[in-house]
Every structure is written in C-alpha cells, then in structure tokens.
Number of protein chains: 4
Amino acid sequence: MAQKTAPDSTRRSERSRRAIYDAALALVGEVGYGKMTIEAIAARAGVGKQTIYRWWPSKSAVLLDAFLDLSEQASAELSAKAGLDEVATAIPDTGDLETDLKYVLRATVDEMINPKFDAPARALAAEGVVNEQLGREFLEKLLEPQLQLYVDRLRSAQERGQVAAHIDPRVALELWTGPLAQRWLQRVGPLTHEYADTLVEYALYGIAPR
Amino acid sequence: MAQKTAPDSTRRSERSRRAIYDAALALVGEVGYGKMTIEAIAARAGVGKQTIYRWWPSKSAVLLDAFLDLSEQASAELSAKAGLDEVATAIPDTGDLETDLKYVLRATVDEMINPKFDAPARALAAEGVVNEQLGREFLEKLLEPQLQLYVDRLRSAQERGQVAAHIDPRVALELWTGPLAQRWLQRVGPLTHEYADTLVEYALYGIAPR
Amino acid sequence: MAQKTAPDSTRRSERSRRAIYDAALALVGEVGYGKMTIEAIAARAGVGKQTIYRWWPSKSAVLLDAFLDLSEQASAELSAKAGLDEVATAIPDTGDLETDLKYVLRATVDEMINPKFDAPARALAAEGVVNEQLGREFLEKLLEPQLQLYVDRLRSAQERGQVAAHIDPRVALELWTGPLAQRWLQRVGPLTHEYADTLVEYALYGIAPR
Amino acid sequence: MAQKTAPDSTRRSERSRRAIYDAALALVGEVGYGKMTIEAIAARAGVGKQTIYRWWPSKSAVLLDAFLDLSEQASAELSAKAGLDEVATAIPDTGDLETDLKYVLRATVDEMINPKFDAPARALAAEGVVNEQLGREFLEKLLEPQLQLYVDRLRSAQERGQVAAHIDPRVALELWTGPLAQRWLQRVGPLTHEYADTLVEYALYGIAPR
DNA sequence: GGATAACCGAGACGGTACGTCAAGTCTTACG
DNA sequence: CGTAAGACTTGACGTACCGTCTCGGTTATCC
C-alpha cells in the first residue's frame, strides 16, 4: 500500500471544496471540458492548486465529484419542493407501465436539455468513454442507480403481467436508455417529449405487427 | 479575403499523408487519444509539424481522416475477400428481417470488440460528444450512412408486412443501435452475440406480452 | 505596538532547539544550502514548521545560530581537552611573531578543510555576500572577534619592535586573512600548511628585495 | 554521450539572447540574486521560459554569461575610448611596480564600488562559493585571466630586480587581491583608494621593520 | 489541584516558482 | 512551393516549499 500518506480529511476545508465545485461547474459550462484547466479552477475558486491536487487525482475526478454533489443537491431540492421528507428514489408506480415510463423519460429529456446539467454530464460521459477508470465510476455512481430503478419498476410490471415473463429487465431498459443516450451524446436526432413517448411505445409493443 | 492562402493540394505529398495516418492510428492505440500529441505524430511519421498543421486544423481532424481512410480500406478488403467487384453497401435482405438484423448486429459487435477499430473509433466518439463540430462530421460521414442502411432494410420489411405500417424506421433502428452504442461506449454491460440477438427479439416483438 | 506578541522564551523547548540545530547542520552538509529547506529541517528534527518560524526569521538565521552553537561547543571542547578551565581567547604569544602566526594559520587551514565546519561556514559566508544583514551578523559574531585577536597580537609585536611602528594592525592582518579566505571561498589555489607559512613570510618581510 | 540532443546553435535567436542578458542584469540589480527568478527574466525579456532552459542549465549560468558579456563590452568600450585598436590586456608597466599596482588596484576598487558591476559580480561570487561547478567557471573565465596579468607584471619586476628572486608571483599577488576581495565580499572594512595604496605598500615592503 | 495559557507536533491552506511538455507559428535549407 | 527540421512564444502541467493558519495534545505556572 504505497500510498503517499493520504491527507487527513477531518481537517479539510469545506469552504474550499464548495468553491472548487462551483468553479468547476461554472467553467465547464463556459469554456468546455477541454479548455477547462486546473489552474483556472483554482484561480476562480480562490484556492491554491495544491488544494485541488491534494484531494483529487485529475480534472475529471474533480468534475465528477462536483457533478455528484450537484445531483444530490438537485434531487434533494426537488424532493423538498414536492413536500417529501426523503429523497425520491423510485420510478412512480401507478400500475400503468406505459404512463409511468413516459413520465420518467420526459423528465430525463428535460434534464438532458438543461444546460446546467448537460455541460458537465456530457463532459463526464465523453471522458468516461476514453478513460475506463472514470467511465466505471461514472457508471457505478450515476448510471447504475438510475438503471436499477427501471429494473425494479419492470419487475413490478412483470408480476402484474404487463411485461412478458421471459423478458430480462436489465436488457429491456436499454431499449429506451440506449436510444436516449445516443440522441443525447451523438446528436443522432432531436430530443423531444414526442420521441420519448414513441420510444416507450415501440419498446413495449415491438415494431413487428401484433 | 483573409484566407490564409490555402495550400495547393495538387502538390501535396501522398507519402506524408499515409505516414501521418499510420502514425495517428498507431499512437491512438498505444497511448490513447488524450496523450497522443501532434508532435508525436509528426515525429513518428518522419514529418515536419507544419505539414500536419498545413492540412488539418486539429488533432481530432487528423484522426477522423485517418479513421475514414482505415474504414474505406477495410470495407474494400472485405468486399474483395468476398469476391465482389464493388463495396458492399447494404444490409443483407433474405426476406427474414430477424435473421438479417441478427447477422448484421453480430458483425457490429465483432467490430466494436476489435481493438484496431475500437481505439480510434472510441476516441472519435468521445471527442464528438464534447466537440459539436467534430461530432456532426463523425455522424454525417460514419454513422449516418450506416443508419441509412437500416432505414432501407426496414422499409423493405414494411413493404412485406414484417414491420407495422405506423412504425418510423428512423426511430425504430435506434432500438438496437442505441443499446449497442451504450454498451460499447459506456460499458453498461457485456457486448456479446447473445446480447445482440436478444436486442433484435425485444425490438421486434416488444416486451409486453403479445 | 504592532509587535506580534513575541514568544515567551522561558517556555521554549530546549530539545526542539537542539534538534533543529542538528538537523540544519546535517542537511547543509548533505544537500547543500540551496536545497536545504525549512520543511526538511522541521521534518528531520521531528518538529512543527511553526516552531522554526516562531524563533527564527529565515533559513540563514537558523543556520547561523546552529553554526554559532557548533563553534562554541567546539572551542569549549578544545579548551577542555587542553586541560584549561576557560575557553582560549588569544593567539599564542611566544615572543616570536612569525612562529605564532604560522601556528595559528595552520590551524585555520585545518579548520577550513574540515568538512564539518566547511559546509555550514561556506554556506553562511556565501549568503552573507549577498544578504547584507546576515553578512554583518556573520562578520560581527564570527569574523570580527577572530580578527581582533590578530590586532592584539600585532600590537604586542609592535611594542617589542617586531612590527614597524607605522603599520596599521587592522590592515596588516588582512595580508593573511584575505588570501586565506580567497583560497577557501573562491578556490583560487590549494589550501596547505606550506601556503600558510609562505603567506606569513611574504607578509612580514614583503616581496621587494630587502 | 547521453546528451538530450543539444539544440542547434546556428539557428539561435540573437535578439532573445541579448534581451535575456539585459533582463538578468537588470533584475539582479533590482531584486537581488535570491529573488531573481527565471520566470521574471523570461517575462522581462519578452521570451518564453523554454528559450532560457534550452540554452542554459540554471539561473546562475545565465547570469554568468550575461556578466561575461557585460565585461567584454565594457572592456571593449574602455579600449575604444582610449583610442586603441585592440582590447587592453595587460597591467601598465612604467618600470615602477608600486605605481603601476596602485593604479590598477584603484581601478579595481572603483569597479567593485560601481553598482552596475557589483550586483551581478557579487551574486556570482556568492553562488560560486557554494556551487563548485559555477565557482570553477567563474574562476577560470573571470578571475584567472586577471590574476595572470599580475603574474606577468611581477615576473617583469623580478627581472628588473624590483621583486626578490625567491618570491612566487602566483602567491604574491594574493597579498592584495585577497584583502581586496575580502573587503568587497565580506565587508570587513571600507574599500577606498587609500586602502588600496596601503595594501600595495605593506605587500611590497612587509610589516616588519626593514 | 484545577484552570488556562503558552508552546508544541502536525499539516492544510493560498500562493509563487519550478522545470517540463506540447500547442501553434515562424524561419531556414533542401529538393 | 512543399517539405523536414526545429527554434520560438505561450500557457498549463504537476511538484516543491514558502510563510500563515488552525487543530488537538501536552506542560507549567498561577490562582
């Protein structure tokens, strides 16, 4: 375990961490990931470069943490606004799978379009494509939990006979997450609520005549 | 006109271009896109840096051209091996859509797994996520032609009543290209022939009980 | 009174001070003055950085004190070994100036050659050349007392008629301290006992034919 | 010969070199050697840092070259002013050693007092004390040639019987260069023309009664 | 004998400069 | 004129220390 004597996190400056997150998110939006530099983050955050290097191994790691923090805050806010005590952690289950999926997918589209999320998420996704280590972290911490919600919802639908018994939920969910991701990241087509609806219908009933 | 007196492409050195392509593809495989530098390409190709800057605006542009060149060569070779006079430009049409799609998707999986293609394609895809200009070019020159083949094949199937009339082929094809791309780029799950087959089945017949 | 509430020296840790001296002297010998850092001294001495900054204003001040301490110890030791109660504070006065000077200069050469003294003394001398404040302190605390001994001895010789009456002792002594210092610091030539002897002879009798 | 493929000096930018010399000399005077940084030299010279690192291994090496250049210019100017075709390369030889030495030593004192020379020369001397490699270069390129002039002049005097035959000129000259250097570098006393004269007299005729 | 103020070790912090790398531009000499 | 070579300015990299600033934890008097 030849670690470089890891820093003592109890003495960490909370104010610096917040400032770094804010600076990173602001910069990735303003100049893009490629031109975002650690020096610029440090300068904008009013922080020494070393303070960044002490706690993160790379630019992408900073941005990942900043984005995770942003996501947490955002979902906490959302839940608070909805008057809930706890953070919402599931896809709605009205009993009607099609309706529920369309609802969630429309929300997903909205998020993908929101520049506040788009810029950092896109940057992280891109970096993850090429940097396996980051990709796995991105997957594990952000994507996987979301995907699991679909798995749960699909199982519930299966129990009610709304999804065929032989279907593997883990594969099925990719019928809509895959296309959405592709339109988002590769700009293969416009990202609209209508598209989301169509996707749900095609996925549920197939494209072959019934 | 403030154009920088564009270079005269008739006097361009073919040998240099080839060497640059080879160097770029080799380097992206060896050190990855992020650590691939123009200087290294020039050095490895035995070429002056200016020769690269004269003909391409950026690292990603070089790699895109190199990869396009590689793709052309590869498909030419493939066609030649198959004893054909021309390059294959269509998805097989045996009359059975399911079989044909499975065939093509398995081939796609094989390509995605082949490191010779994976490294540069992945790098370009990643860069395209974040660099809109490059992304559009990547889409237009590489993805779109492939997608169009699916559109054609789906229309043919529609005519034969194997795909419901109300289905939009342009959206339908994303039911499999999307998930495949997601597994490839985001490592959401393993990329296998079985997965490709399952995808085709789900897409064709839906996940709801028939 | 904008004094920073000077620290209370009665509560000062003797053990820390000693450890700092030892560390400073060891380091200047091992890595040289330029590469000796306050952090390294603190680490090697097992001391917090603040403990150094509390008591000294700069790296050179630490080293100066460390060296003064070393000198005191050394001359105390020397005197003890000679069975004296007090520290020797004068140049021997056998009545023969030439002999006495040669004796002292040979001892000086020996000290200049001893690496234990050479490393820190050289570092301090160098720093003093460029840092007037330190230079003056070095001069006042180390050089001047030594030089005064020569003045005293020369006056004694003058009284006995061994040195011409019109000679200014304060200048005369530089006839040998100057050359010795130059050979030591600027490596203008080898530092040997023979050289010391020659110097004394030339200084006493001049270089013109008598 | 594991050199890092030394740069091609024929393509070197003369303008950059000059600007670097000027900047280094100006800075050493303004902020002192310790606070003079390579970055500041580069900035002041309007030059990239790499251009400095390409041609010199260290701050001291830059300053040494700058000072050598300054010295050359200065002595060329001096000779030109005196209406000479060539650079003066000897100590005057009027036949009277005492006069000639006093003349030269007074000029030396003037130079040591001139801040334009003092700042860089002092810095180099200090660095040379602690950095043997630089010290040797300083000695070889600057000091030694000066000292050799004294050797020549002394030999001439010896032939004429003005210096005793048994005297070693190489040692004798240190009787005045040593003290001068010590007063200059260690501030052991004031540097004046009178001091220079006294030194010559003591050195020539000794301090013992004749 | 318990409070309390200082020093102490440790080390995080905002900074500056380091020496290196590569970007993109410019100049030189060759074919 | 395109080219190989490579010096140039610029700017970011990741590291090392600077000197300042908490943070607990010992001492070490002083009530």
Side-chain angles (χ1 to χ4, degrees), chain A residues 4-5 7-13 15-16 19 35-43 45-55 57-59, chain B residues 4-5 7-13 15-16 19 35-43 45-55 57-59, chain C residues 4-5 7-16 19 35-43 45-55 57-59, chain D residues 4-5 7-13 15-16 35-43 45-55 57-59:
Chain A
K4 221 176 222 180
T5 54
D8 177 353
S9 49
T10 66
R11 309 192 44 183
R12 183 163 184 183
S13 161
R15 122 197 285 282
S16 292
K35 293 187 185 167
M36 176 178 78
T37 67
I38 298 235
E39 291 208 324
I41 297 175
V47 136
K49 269 200 289 182
Q50 202 56 49
T51 298
I52 298 183
Y53 284 111
R54 182 153 34 232
W55 302 107
S58 66
K59 178 167 79 157
Chain B
K4 230 175 212 179
T5 52
D8 176 356
S9 48
T10 64
R11 307 196 48 176
R12 183 167 184 180
S13 158
R15 126 201 278 282
S16 291
K35 293 186 183 167
M36 176 178 78
T37 66
I38 298 246
E39 291 207 326
I41 297 174
V47 138
K49 272 203 288 182
Q50 201 57 274
T51 300
I52 297 182
Y53 283 111
R54 189 163 13 241
W55 302 108
S58 67
K59 178 167 78 157
Chain C
K4 228 173 216 181
T5 53
D8 176 355
S9 49
T10 65
R11 308 195 48 175
R12 182 166 185 181
S13 160
E14 185 57 20
R15 123 199 282 283
S16 291
K35 294 186 183 168
M36 176 178 77
T37 67
I38 299 244
E39 291 208 326
I41 297 174
V47 137
K49 271 200 291 180
Q50 200 58 275
T51 300
I52 297 183
Y53 284 110
R54 189 161 18 237
W55 302 108
S58 67
K59 178 167 78 157
Chain D
K4 222 175 220 180
T5 52
D8 176 354
S9 48
T10 65
R11 309 194 43 181
R12 184 164 185 182
S13 160
R15 122 198 284 282
S16 292
K35 293 187 184 166
M36 175 178 79
T37 66
I38 297 235
E39 290 207 327
I41 298 175
V47 137
K49 268 202 289 183
Q50 202 57 49
T51 298
I52 297 183
Y53 284 111
R54 184 157 28 235
W55 302 108
S58 67
K59 177 166 78 155

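Each chain gets a letter, A, B and so on, in the order the sequences are listed, and its residues count up from 1. Note that these values count all heavy atoms, side chains included, but never hydrogens, waters or copies made by symmetry. Owing to the predicted nature of the structure, the values given are computational and were not obtained by experimental measurement.
As rounded to whole Å, 13 Å separates atom C1' of dA16(F) from atom NZ of K59(C). Rounded to whole Å, the distance from CD1 on I38(A) to P on dT15(F) is 10 Å. Whole-Å rounding puts the E39(D) CD to dG15(E) C1' distance at 13 Å.
When distances run from any side-chain atom of S16(A) to the nucleotides dG24(E), dC13(E), dT3(F), the shortest one goes to dC13(E). Listed nucleotides: dA12(E), dT3(F), dC13(F). Nearest to the side chain of T37(A): dC13(F). With distances taken from any side-chain atom of Q50(C) to the nucleotides dC17(F), dC21(F), dC21(E), the minimum falls on dC21(F). Comparing dC8(F), dT9(F), dC18(F) by their nearest atom to the side chain of V47(D) picks out dT9(F).
Dashed line: the shortest gap from a side-chain N or O of R11(D) to OP1 or OP2 of dA5(F) is not under 4.0 Å.
Residues E14(C) and R12(A) each lie close to DNA chain E; by heavy-atom proximity, the contact nearer the 5' end of the strand is made by E14(C). Of the residues near DNA chain E, K35(D) and G48(C), the one whose nearest nucleotide (by heavy atom distance) lies more toward the 5' end is G48(C). Remark on DNA chain F: of its neighbouring residues A45(B) and M36(C), the 5'-side contact belongs to A45(B), judged by nearest-heavy-atom nucleotide.
In terms of polar N and O atoms assigned as donor or acceptor, the side chain of K49(D) comes within less than 3.5 Å of the base of dG19(E) in a complementary pairing.
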